[in-house]
Amino acid sequence: MKLSHTPVEYHLIDNVPLFIKRDDLLHPAFSGNKARKFAYYLQQPFCHIKRVLGHGSVQANSLYSLASLAQLRGWQLDYYVNHIPQSLREQPLGNYAAALAAGANIIATDGQSGEQLEPMLAQLAAQEDDCLFIPEGGRTAEAEFGVRLLAEEIAQWWHEQQLTELVVFLPAGTGTTALFLQKSFKSMLLPIKVMTCAVVGGDDYLRKQFVQLCGDITCHPTIVTPVKRYHFGKCYREFLLAWQQLNRAGIEFELLYDPLGWICLKSVAAEINQPIMYVHQGGVLGNESMLPRYRRKYPELFTQ
Ligand SMILES: *Cc1c(COP(=O)(O)O)cnc(C)c1O
């Protein structure tokens with residue numbers, strides 16, 4: 001199972017020279033930044049654990065990664081979601097289908113939000129010795145362990161290339177990956193700057209996430225603000241166009257995070273007078289559920 005040391009490829013996309021860190025080439029069942037964030041739970045002993053509790057969206061990339069983690073460790077995964085659409089129950093696909101196949105127990109609540117579920121599940125796990133709670137999207141201090149290894153791989157590549165500086169760009173959900181990357185580069189005393197954009201909740205939400213994970217603002221990545229406000233998980237014409245442009249590099253990108261990441265990076269690329277690395281954070285199995293939605297909404301943008 002490949003869980004580290006992914007290659008870096010050079011591509012020119014829409015006239016932007018990019019080094020792409022292919023973290024999508026980690027093992028398909030445990031790929032991208034979730035593999036990095038969950039590496040701690042895979043590698044530490046946790047001998048007494050039998051069950052892991054998680055929550056989030058029914059099509060989240062982290063659902064499938066958690067299911068794979070639980071399967072690899074022989075744990076039961078109980079994953080709580082707000083709602084399971086009837087059509088998905090009847091015809092499972094994407095991350096949901098893969099998680100079911102990996103043995104995940106996916107539990108629909110009666111519409112409870114993440115803010116309600118998180119303290120409940122944390123308390124439940126605290127009461128039982130054999131039970132471990134992992135917050136939504138792997139937003140935990142434990143994520144630093146695996147993200148640090150990613151930072152070390154990038155640093156090693158940077159040394160080999162004999163670069164004097166570098167901007168590492170990656171779109172953020174919880175911001176956990178971006179934050180711990182920047183923190184790692186800072187502690188290595190390297191002039192590598194992490195830039196990101198808020199895909200899920202806006203810049204203020206992202207800044208709050210950063211503060212929760214690390215109070216020292218000199219460890220915080222630089223946030224690029226999109227020119228337009230987008231809602232997470234919605235289908236936008238410019239997102240599909242951005243995704244198709246990225247894919248022309250011969251690599252499949254992810255449809256929830258990468259389109260806005262690419263739009264934001266392009267908006268500032270001309271001002272960055274440094275080599276740029278884009279971190280491909282995996283998650284492409286989720287495209288199985290996103291693509292049909294795009295096809296229905298913008299049939300004219302699909303030529304075949
Ligand atoms: C989860 C995920 C992200 C967001 O990662 P954070 O660490 O929460 O910021 C970005 N891209 C992809 C493909 C993901 O699966």
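The model shown is predicted, which means the values in this text are computed figures rather than measured ones. In listed order, ligands and their atoms are each counted from 1. Side chains included, hydrogens not; waters and symmetry mates left out as well; all remaining heavy atoms used.
Under a cut-off of 6.0 angstrom, the local environment of CG in Asp216 is crowded, with over 12 non-hydrogen atoms contributed by other residues, nucleotides or ligands.
Taking the six-membered ring where the residue is Trp, Tyr278 and Phe253 present perpendicular rings, their angle passing 60° and hence far from 30°.
Near ligand 1, residues Asn33, Lys34, Lys37, Asn61, Pro171, Ala172, Gly173, Thr174, Gly175, Thr176, Thr177, Glu254, Tyr257, Gln281, Gly282 come within 4.0 angstrom through at least one heavy atom.
The side chain to side chain contact (heavy atoms under 4.5 Å, CB included) check on His48 picks up nothing, with sequence neighbours excluded.
A 4.5 Å side-chain heavy-atom check between Pro221 and Thr196 finds at least one atom pair inside the cut-off.
The shortest non-hydrogen separation linking Pro7 to Leu25 is CG-CD1, 3.8 Å. Closest of all the heavy-atom pairs between Arg73 and Leu42 is NH1-O, 3.3 Å.
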